[in-house]
Asks: 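Have a look at this one before I ask anything.
Starting from 1, each residue takes its place in the sequence as its number. All figures in this text were calculated on a predicted structure; none of them were measured in a lab. Worth knowing before you read on, the calculation uses all heavy atoms, side chains too, and leaves out hydrogens, waters and symmetry mates.
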Amino acid sequence: MTEPNTPTAPTYDQEARRAGQIAAAVQLLLNYIRLEPALGSALSLIDTTELRGPLDQAGLLAVLDEAQAERDRCAALAERDARRAERGQKPRTDCRCGHSDTAHSHRLTEDGRLPCTRTDCSCHDLTFE
């Protein structure tokens, strides 16, 4: 009698096939990396620890979306800090509209603005006085 949760021969067979598929996929990637070393460098930048699902096109698109959002958020924070430093203002200084800098967009607009996100405010750009 087999113990509960003890793998059986068909389970091992399935696992062996799956491991073989993974090995073949990794070998294919290694072959392409030998042909194009930049691919290896690009793959090394992708943090797969938080990837939910396979590293397929959908998975890569999710990683791309997340990376672009983080880039945009950090660019907005850098711009906010640069503006504050340029004016010699301390952290948590309010914009001239009276709202905090965190009330302003966390993404730069195409023309480099950080508009206020409050619906009752018409401030089009974060400005320290």
Asks: Ignoring hydrogens, what is the shortest heavy-atom contact between Arg83 and Gly112? Give both atom names and the distance.
Replies: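 Residues Arg83 and Gly112, closest heavy atoms: NH2-O, 2.9 Å.
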
Asks: Looking at every heavy atom in both Asp72 and Arg107, which two are closest together, and how far apart are they?
Replies: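 Heavy atoms of Asp72 and Arg107 come nearest at OD2-NH2, 2.8 Å.
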
Asks: Evaluate the side-chain proximity of Cys95 to Ser100: yes if any heavy-atom separation is below 4.5 Å, no if none is.
Replies: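 Heavy-atom side-chain distance check fails, nothing below 4.5 Å.
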
Asks: Could you tell me whether Arg96 atom CZ has more than 12 heavy atoms of other residues or ligands within 6.0 Å of it?
Replies: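 Not buried by this count: 12 neighbours or fewer within 6.0 Å.
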
Asks: Kindly write out the residues that satisfy side-chain contact (heavy atoms from CB on, under 4.5 Å) with Arg113, not counting sequence neighbours, or none if the list is empty.
Replies: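 Here the qualifying residues are Thr109, Asp111, Pro115, His124, Asp125.
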
Asks: With sequence neighbours excluded, what pairs up with Leu60 under the side-chain contact (heavy atoms from CB on, under 4.5 Å) test?
Replies: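 Counting only residues at least two positions away or on another chain, Leu60 forms a side-chain contact (heavy atoms from CB on, under 4.5 Å) with Ile46, Leu55.
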
Asks: Near Gln57 CD, under 6.0 Å, is it more than 12 heavy atoms from other residues, nucleotides or ligands?
Replies: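 Counting other residues, nucleotides and ligands, CD of Gln57 stays at 12 neighbours or fewer.
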
Asks: Under the side-chain contact (heavy atoms from CB on, under 4.5 Å) criterion, do Leu43 and Ile33 qualify, and how do the steps go?
Replies: CA-CA 9 Å; Leu43 287 171; Ile33 289 169; 3.9 Å; yes

Asks: Which residues pass the salt bridge (Lys or Arg N to Asp or Glu O under 4.0 Å) test with Arg17, not counting sequence neighbours?
Replies: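 Only Asp13 meet the salt bridge (Lys or Arg N to Asp or Glu O under 4.0 Å) criterion with Arg17.
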
Asks: Do the side chains of Leu30 and Leu39 join up, straight or via other hydrophobic residues, at under 4.5 Å, putting them in one cluster?
Replies: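 Unlinked, Leu30 and Leu39 end up in two clusters.
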
Asks: Take Asn31 and Gln27 through the side chain to side chain donor-acceptor pair (under 3.5 Å) test and state the conclusion after the steps.
Replies: CA-CA 6 Å; Asn31 290 342; Gln27 187 61 56; 3.1 Å; yes

Asks: In the hydrophobic clustering that connects Ile, Leu, Val, Met, Phe, Trp and Tyr at side-chain heavy-atom distances below 4.5 Å, which members other than Leu126 occupy its cluster, ordered by chain and number?
Replies: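 Joined to Leu126, directly or through intermediates: Leu108, Leu114, Phe128.
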
Asks: Could you grab the distance from atom CG of Leu61 to atom CD of Gln68, nearest 0.5 Å is fine?
Replies: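 Spacing of CG (Leu61) from CD (Gln68) equals 9.5 Å.
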
Asks: Take Cys97 and His104 through the side-chain contact (heavy atoms from CB on, under 4.5 Å) test and state the conclusion after the steps.
Replies: CA-CA 10 Å; Cys97 71; His104 286 258; 3.6 Å; yes

Asks: Sequence neighbours left out, what pairs pass salt bridge (charged side-chain N to carboxylate O under 4.0 Å, His left out) with at least one residue falling in residues 19-47?
Replies: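 Checked against salt bridge (charged side-chain N to carboxylate O under 4.0 Å, His left out) - neighbours excluded - no pair reaches residues 19-47.
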
Asks: What pairs of donor and acceptor atoms, side-chain ones from residues 18-25 against any protein atom, are under 3.5 angstrom apart with sequence neighbours left out?
Replies:
none

Asks: Where do His99 and Cys123 land on the side-chain contact (heavy atoms from CB on, under 4.5 Å) test, with the steps shown first?
Replies: CA-CA 9 Å; His99 296 121; Cys123 178; 6.0 Å; no

Asks: So for atom CD, which belongs to Gln89, do other residues, nucleotides or ligands contribute more than 12 heavy atoms lying within a distance under 6.0 Å?
Replies: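 Check passes, neighbour count above 12.
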
